[in-house]
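Predicted model, so just to flag it, every value in this text is computed and none were measured. In listed order, ligands and their atoms are each counted from 1.
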Amino acid sequence: MLLAFADESPLAHALAREMDCELAFVETHHFPDGEIKLRLPPALPPRVVMLRGLQQPNDRLVQLMLAGRTARELGARHLTLASPYLAYMRQDMAFQPGEAVSQRIVVGFLGSLFDRVITIDPHLHRIASLDEVMPGSRGVALTAAPLLGAWIASQWPADALPLLVGPDEEAEQWVRAAGERTGLQGLVCRKTRRGDRDVTVELPAQDITGRDVVIIDDVASTGHTIVQAAAALRERGVASIDVAVVHALFGGDAIERLMQAGVRRVWSTDAVPHSSNVVTVAPLLARAIADCD
Ligand code: R5P
């Protein structure tokens, strides 16, 4: 059985179709003081997959704590979490003495609730794989960059493909993966972050005048990284700027600021529900779930 939440219903239906399994929804109620009440189907089969992305993570971590423990009480013996977006991955070390290493704590918490955690493009920077924080091959990290690469390539004639631009060094992996089967070429910028909304992006010295470019990244949140990358690209005289991200968090007026910065189109996967979704991750997740069985 696939158990999901109503606000992720389109991906839940697509995933249940791919998995060819029963789909049920967890009913949620928010009390006036912020507490959450959940109701699951009263009898669960032994194998259950729970779909819950961790955008707006704090409430959802509590939901997972309540739903995970309740699922066990209701009969789930093998419980997998499919979390297309895993939050708290960027705080992977104590940058200042005394800081919580959120990545280790959150992944450890999920590992205490679920037998397996499947996710897409988690922000793993200083560690090579989820195994380092969730030992025993219980964490599965997929990548949707090849899907984005295929989408991007399909938007241009084969002899006039755009140039991929990774806005920081960490995006090199997504540029490479998106280019592997598509022939898309790319370059990677250098980013300096001084605060949540204070970043600068420097392009490498390369003539890109007149090129169509697509900025590709794992996640866009405030949009500042992309806005700065777009500003640097405009100064170099590119012909057009489009954006492709796996996780479209896009808080506040991020999309408007992207458009003001000269971005033409924004594309994303449905790992996070957003109006920019054009590529579904349902088959990718379904294959990984089947491989774990
Ligand atoms: C961090 O390195 C990520 O890959 C993204 O570039 C970053 O999280 C984007 O954040 P924002 O949209 O707030 O600049």
Side-chain angles (χ1 to χ4, degrees), residues 53-58 83-93 95 99 101-103 106-107 119-130 133 141-149 152 164-179 186-204 213-234 241-263 265-269 271-277 281:
L54 285 179
Q55 53 277 16
Q56 302 110 38
N58 300 339
S83 188
Y85 173 67
L86 211 50
Y88 283 110
M89 292 299 104
R90 285 170 282 190
Q91 182 76 21
D92 58 1
M93 61 178 278
F95 296 92
E99 278 181 0
V101 183
S102 315
Q103 181 187 78
V106 167
V107 173
T119 189
I120 300 176
D121 292 308
H123 196 90
L124 304 179
H125 181 196
R126 271 160 286 263
I127 64 168
S129 81
L130 270 185
V133 277
L142 309 169
T143 179
L147 298 175
L148 283 179
I152 294 164
L164 297 178
V165 171
D168 53 30
E169 290 91 337
E170 293 157 32
E172 197 268 333
Q173 57 191 294
W174 296 291
V175 170
R176 195 168 10 90
L187 57 80
V188 172
C189 305
R190 199 167 58 196
K191 177 166 86 177
T192 310
R193 184 180 281 286
R194 283 173 299 273
D196 292 342
R197 293 175 170 75
D198 185 6
V199 294
T200 47
V201 174
E202 271 174 75
L203 280 161
V213 300
V214 180
I215 300 170
I216 185 165
D217 208 354
D218 58 339
V219 52
S221 175
T222 65
H224 278 84
T225 299
I226 291 172
V227 165
Q228 292 305 317
L233 288 164
R234 272 202 334 270
I241 305 169
D242 295 302
V243 166
V245 292
V246 176
H247 303 295
L249 298 183
F250 289 124
D253 61 351
I255 290 285
E256 288 74 37
R257 283 184 295 97
L258 257 58
M259 296 298 151
Q260 284 160 14
V263 170
R265 295 171 291 190
V266 179
W267 298 312
S268 64
T269 76
V272 174
H274 188 263
S275 55
S276 59
N277 292 168
V281 294

Legend entry - Closest to atom 7 (C) of ligand 1 among Met89, Arg193, His123 (heavy-atom distance): Arg193
Inset, instruction - Determine yes or no for a side-chain-to-main-chain donor-acceptor pair under 3.5 angstrom, with Ser268 supplying the side chain and Asn277 the backbone. - result: yes
Inset, instruction - Indicate, as side chain, backbone, both or neither, the part of Ile226 found under 4.0 angstrom from ligand 1 when only non-hydrogen atoms are considered. - result: neither
Inset, instruction - Below 4.0 angstrom from a heavy atom of Ala220, which ligand 1 atoms are there? Numbered from 1 as shown, please. - result: 12 (O)
Legend entry - Residue and atom name of the nearest protein heavy atom (relative to atom 6 (O) of ligand 1), distance in Å to one decimal: Asp217 OD2, 2.7 Å
Legend entry - Partner of Thr225 by side chain to side chain contact (heavy atoms under 4.5 Å, CB included), out of Val245, Asp217, Ile215: Asp217
Inset, instruction - Determine whether any heavy atom of Arg197 lies closer than 4.0 Å to an atom of ligand 1. - result: no
Legend entry - Check: Arg197 side chain, His224 main-chain N or O, donor-acceptor pair, under 3.5 Å: no
Inset, instruction - Give a yes/no verdict on whether any heavy atom in Val199 is under 4.0 Å from an atom of ligand 1. - result: no
Inset, instruction - May I ask you to identify the nearest protein heavy atom to atom 4 (O) of ligand 1, giving residue, atom name and distance to one decimal place in Å? - result: Asp218 OD1, 2.6 Å
Inset, instruction - Can you see which heavy atom on Cys189 is nearest to which on Pro204, and at what distance? - result: CA-CD, 4.3 Å
Inset, instruction - For ligand 1, find out whether one of its N or O atoms is nearer than 3.5 Å to an N or O atom of Gly223. - result: yes
Inset, instruction - Would you confirm whether Ser221, through its side chain, and Leu249, through its main-chain N or O, come within 3.5 Å as a donor-acceptor pair? - result: no
Legend entry - Polar atom proximity, Trp174 to ligand 1 (N or O, under 3.5 Å): no
Inset, instruction - List every atom of ligand 1 that sits less than 4.0 Å from any heavy atom of Thr225, numbering the atoms from 1 in the order shown and giving each element. - result: 6 (O), 9 (C), 10 (O), 11 (P), 14 (O)
Inset, instruction - Specify the closest pair of heavy atoms between Arg194 and Val199, including all atoms of both residues, with the distance to one decimal. - result: NH2-C, 4.2 Å
Inset, instruction - Report, in ascending order of atom number, the atoms of ligand 1 lying under 4.0 Å from any heavy atom of His224. - result: 12 (O), 14 (O)
Legend entry - Top protein contact for atom 9 (C) of ligand 1, by heavy-atom distance: Val219 O, 3.5 Å
Legend entry - Minimal non-hydrogen separation, Pro84 against His247, with atom names: O-CE1, 3.0 Å
Inset, instruction - Heavy-atom contacts with Glu170 under 4.0 Å: which atoms of ligand 1 show up? List them by number with element. - result: 2 (O)
Legend entry - Distance filter under 4.0 Å to Arg90 heavy atoms, resulting ligand 1 atoms: 8 (O)
Inset, instruction - Return the minimal non-hydrogen interatomic distance between Leu258 and Gly223, and the atom names on each side. - result: CD1-O, 3.8 Å
Legend entry - For atom 11 (P) of ligand 1, closest protein heavy-atom neighbour: Thr222 OG1, 3.4 Å
Inset, instruction - Step through the shown structure and confirm whether more than 12 heavy atoms of other residues, nucleotides or ligands are within 6.0 Å of CG on Asn58. - result: yes
Inset, instruction - Ignoring hydrogens and angles, tell me if any N or O in the side chain of Ser83 forms a donor-acceptor pair with the backbone of Thr119 under 3.5 Å. - result: no
